[in-house]
Amino acid sequence: MSSSSGSGARLLPGGPVAQRVLAEVAASVVALRAAGVTPALATVLVGDDDASAGYIRIKQRQADGLGFASPHVHLPASASQADLRAVLADLNADRGVHGVLVQHPIPVGLDYDRALAEVDPDKDVDGMHPVNMGRLALGLPGPLPCTPAGIEALLAFHQVPVAGREVVVLGRGATLGRPLAMLLAQKRPTANAAVTVVHTGVADWPRYTRRAEILVAAAGVPGIVRPEHVRPGAVVVGGGVRYEGRRLLPDVDESCARVAGAITPRVGGVGPTTVAMLFRNAVEAARRQSGLG
Ligand SMILES: NC(=O)c1ccc[n+]([C@@H]2O[C@H](COP(=O)([O-])OP(=O)(O)OC[C@H]3O[C@@H](n4cnc5c(N)ncnc54)[C@H](OP(=O)(O)O)[C@@H]3O)[C@@H](O)[C@H]2O)c1
């Protein structure tokens, strides 16, 4: 299941986690279709950014492969916020559409957070709608933010105990650090951790990361986590990345594998689990909305 990084640390790849989750999603899609419901994940692209169009195509292909219907709306770069709102209102009202994904980023001049807040929270497959963040904070059921949920699934899959252990999250961003901290502190067997969050307000953050049994990098600062920040034998999860063109620059310096007991690979760690969670949110949305969940 796990291999070595070549420096002693056990590798924690995300691919097998994603495969298992996607197999479960595919089985749920089959069951829904057998019950007369075709789960539909709608994608919305605004503008002509090549990378965004590429990401949408990949997600659509994956959706098709899993048996989802994948209606797509493409608005021109000249679209207004009101145009986008109208599209989202239509998708919200369409009972045949169970999930809605607005590809990020959208053109300058449009407000992504506003658009996200206009998606029906029950169709929010990113799990990032303010209502869903509130549900997460309150421990209520709802779609979970994909990257944090992917990290929890990754740790569970690789049988990394989390409950009762000291987790330190470097970064309190809305996409990753903050929701992950809430998730891993919840009272569930795969969470239930003692979670500390550090950020630029904690100048001496290495003091905290050095005592972490599980360290999650969520800063988006290439190479910020170095071996001297890692407790020997700790589990290190690299969530933060920055792209320079097509080059991926992770938060976790590769040399951390010398110190860590287990570590996510530079490529193919958290990323694949994030995408899998998107489809899990989509199929669960379809189940709930069709009364089969
Ligand atoms: N792998 C994936 O699939 C995936 C998916 C989603 C996001 N991500 C990545 O996750 C990262 C975090 O995204 P986000 O949107 O949650 O966060 P964000 O809004 O980019 O915030 C970054 C956080 O890191 C902290 N930080 C930055 N530089 C720091 C430093 N030098 N020392 C200490 N703390 C520092 C910031 O502290 P302050 O709050 O004090 O400014 C902030 O809390 C990004 O790199 C993003 O690309 C990865």
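Every number for a ligand or one of its atoms is a count from 1 in the order of the listing. Excluded from the calculations below are hydrogen atoms, water molecules and symmetry mates; all remaining heavy atoms, backbone and side chain alike, are included.
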Would you say CD of Glu254 has more than 12 non-hydrogen atoms from neighbouring residues, nucleotides or ligands within 6.0 angstrom? no

Who passes ring-ring contact (aromatic ring centres under 6.0 Å, His included) against His104, sequence neighbours left out? Tyr112

What residue pairs, at least two apart or across chains, pass ring-ring contact (aromatic ring centres under 6.0 Å, His included) with a residue in residues 38-64? none

Close residues, ligand 1: non-hydrogen atom nearer than 4.0 Å: Thr147, Leu170, Gly171, Arg172, Gly173, Ala174, Thr175, Leu176, Gly177, His199, Thr200, Trp205, Ala218, Ala219, Gly220, Val221, Ile224, Gly239, Gly240, Val241, Val270, Gly271, Thr274

Would the number of heavy atoms belonging to other residues, nucleotides or ligands and lying under 6.0 Å from CG of Asp50 be above 12? no

Just to verify, what does Glu166 make a side chain to side chain donor-acceptor pair (under 3.5 Å) with, not counting sequence neighbours? Arg211

Quick test of your reading of the model: are Arg135 and Asp122 salt-bridged, counting only N-O distances below 4.0 Å? yes

